[in-house]
Amino acid sequence: MRQRNSQQGFTLVEMAVVLVIIGLILGAVMIGKDVQRNAEYTKIKQKFVDQWVVAYNTYHTRVGAPLGDSQTAPRLMVNGSNHVAATGPISGGDMTATAPPAAICHGSAGPGMGDSQDGEEFSLHGLMDRAGVRMPPGRAEGFEDRYVYLDSNGNPQEVQVCFQWNAPGTPSGAGNVMVLTGLTPDLARSLDQMIDGKPDAREGMLRQAGVGNDSSGTPGVEWGANNTYAQGQTGTAIGAGANLDEDHVITLVAHLKMNQ
């Protein structure tokens, strides 16, 4: 008699072990992506935002006035040299209806801001270079005011830094601020958590542009969108957008209060 070759398959236990290992690998990959993104957000805060705060304060110390302000007759306003008061004092009094001077940027202004001044006099890079202030490395040489990162869809996004003076009554707060554009909702919340200790769009040093204070004593508000929204959509914090994997995630604008 011819002996038959016995064929043995995988047992249920072996298949279960393989599935568990595959699950662990996939879980580790997903967790690794989140860890990498959190590390990138921390880098943006420490190597870009914080370093621009240092550069702004260094300029103020060396020149004795904010960016673009007059050294001989300072108004303590970013781009104060270009501020034209219609009536009354050049600074002080009721300035609620005062039209603020344009923001100081490098090249084109960020979304929602007026154009930066023509010429190098009111250029962010020109002012920093004349004062001998070393700017953060940013995106590249000549683009120190930009930082590129990947959003949760893996698409590139760009943070841009500008500085401006907010008139009294501005929802996000009055005074000199750093304007940060190109923030995805999760990056905005992460920066707010690191700067203010909690993600609140209308309280603390970092606020969402256009979000005002509340005098009724109610808690703060969440940042005005989430990662389910794509660029060009109108988002809410708890809504559900139509963001596809190939879309750029919606971005927000934030104002960071300067100390001087």
Side-chain angles (χ1 to χ4, degrees), residues 48-136 138-139 142-147 158-183 205-212 252-260:
F48 186 68
V49 176
D50 288 352
Q51 292 304 310
W52 267 111
V53 172
V54 171
Y56 175 91
N57 291 334
T58 301
Y59 179 95
H60 194 287
T61 300
R62 294 184 182 179
V63 175
L67 283 165
D69 200 6
S70 172
Q71 298 181 41
T72 56
R75 297 173 176 176
L76 302 184
M77 301 161 57
V78 169
N79 206 357
S81 293
N82 194 53
H83 172 59
V84 178
T87 58
I90 60 174
S91 297
D94 186 4
M95 299 181 70
T96 303
T98 299
I104 291 181
C105 304
H106 176 62
S108 60
M113 295 182 290
D115 291 335
S116 56
Q117 300 303 304
D118 294 332
E120 195 169 304
E121 183 178 359
F122 294 104
S123 162
L124 176 58
H125 284 207
L127 291 168
M128 289 290 179
D129 287 340
R130 285 200 295 274
V133 178
R134 185 174 180 84
M135 293 175 285
R139 182 169 185 170
F143 293 93
E144 293 87 352
D145 61 318
R146 315 291 176 97
Y147 190 100
E158 183 179 73
V159 182
Q160 180 184 356
V161 162
C162 292
F163 292 91
Q164 70 181 25
W165 176 75
N166 288 346
T170 302
S172 57
N176 297 321
V177 298
M178 177 195 299
V179 184
L180 294 165
T181 62
L183 305 178
M205 300 291 289
L206 185 71
R207 304 182 184 185
Q208 183 176 348
V211 177
L252 307 173
V253 179
H255 289 176
L256 177 61
K257 178 76 172 179
M258 297 288 99
N259 292 326
Q260 52 192 357

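All values below come from the heavy atoms of this structure, side chains included, with hydrogens, waters and symmetry mates left out. Not measured: the values here are computed from a predicted model.
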Using the rule given for side chain to side chain contact (heavy atoms under 4.5 Å, CB included), can you reason through M205 versus N259, listing the C-alpha separation, both sets of side-chain angles and the distance that settles it, and then say yes or no? CA-CA 10 Å; M205 300 291 289; N259 292 326; 3.7 Å; yes
Kindly compute the distance separating CG (L76) from OG (S70), expressed to the nearest 0.5 Å. 10.5 Å
CD of Q51 to CZ of F48, rounded to nearest 0.5 Å, is 11.0 Å
Partners passing side-chain hydrogen bond (donor to acceptor under 3.5 Å, both in side chains) against S172 (at least two apart in sequence or in another chain): H255
Nearest heavy-atom neighbours spanning H106 and G142: NE2-O, 3.2 Å
Quick one about N57 and Q260 (side-chain donor to acceptor, distance below 3.5 Å, no hydrogens or angles considered), yes or no? yes
Do you know the tightest heavy-atom contact between K257 and G175? NZ-CA, 3.5 Å
Considering all heavy atoms of both residues, which atom of C162 and which atom of Q160 are nearest to each other, and what is their separation? SG-NE2, 3.6 Å
Going from CG on D69 to CD1 on I104, what distance comes out if it is rounded to the nearest 0.5 angstrom? 9.0 Å
Can you find a pair of side-chain heavy atoms, one from D129 and one from M135, that are under 4.5 Å apart? yes
Is there a side-chain contact between M258 and F163, using heavy atoms and a 4.5 Å cut-off? yes
Spacing of CE belonging to M128 relative to CG belonging to L67, to within rounding of 0.5 Å: 4.5 Å
Is any side-chain heavy atom of L180 closer than 4.5 Å to a side-chain heavy atom of W52? no
So Q164 and P100, do their side chains get closer than 4.5 Å, heavy atoms only? no
Taking every heavy atom of A131 against every heavy atom of R62, the minimum-distance pair comes out as O-NH1, 3.1 Å
Could you check whether any side-chain heavy atom of R134 comes within less than 4.5 Å of a side-chain heavy atom of V54, counting everything from C-beta outward? no
Any L127 side-chain heavy atom under 4.5 Å of V63 side chain: no
Heavy atoms, side chains only, cut-off 4.5 Å: are Y147 and R139 in contact? no
Just do the side chain to side chain contact (heavy atoms under 4.5 Å, CB included) check on V78 and Y56 with the steps written out, would you? CA-CA 11 Å; V78 169; Y56 175 91; 4.0 Å; yes
Pair V177, T170 - check side chain to side chain contact (heavy atoms under 4.5 Å, CB included), show working. CA-CA 11 Å; V177 298; T170 302; over 6 Å; no
How long is the gap from CG on N166 to CE on M77, to the nearest 0.5 Å? 10.5 Å
If I take atom CZ from residue R75 and atom CH2 from residue W165, how far apart are they, to the nearest 0.5 angstrom? 10.0 Å
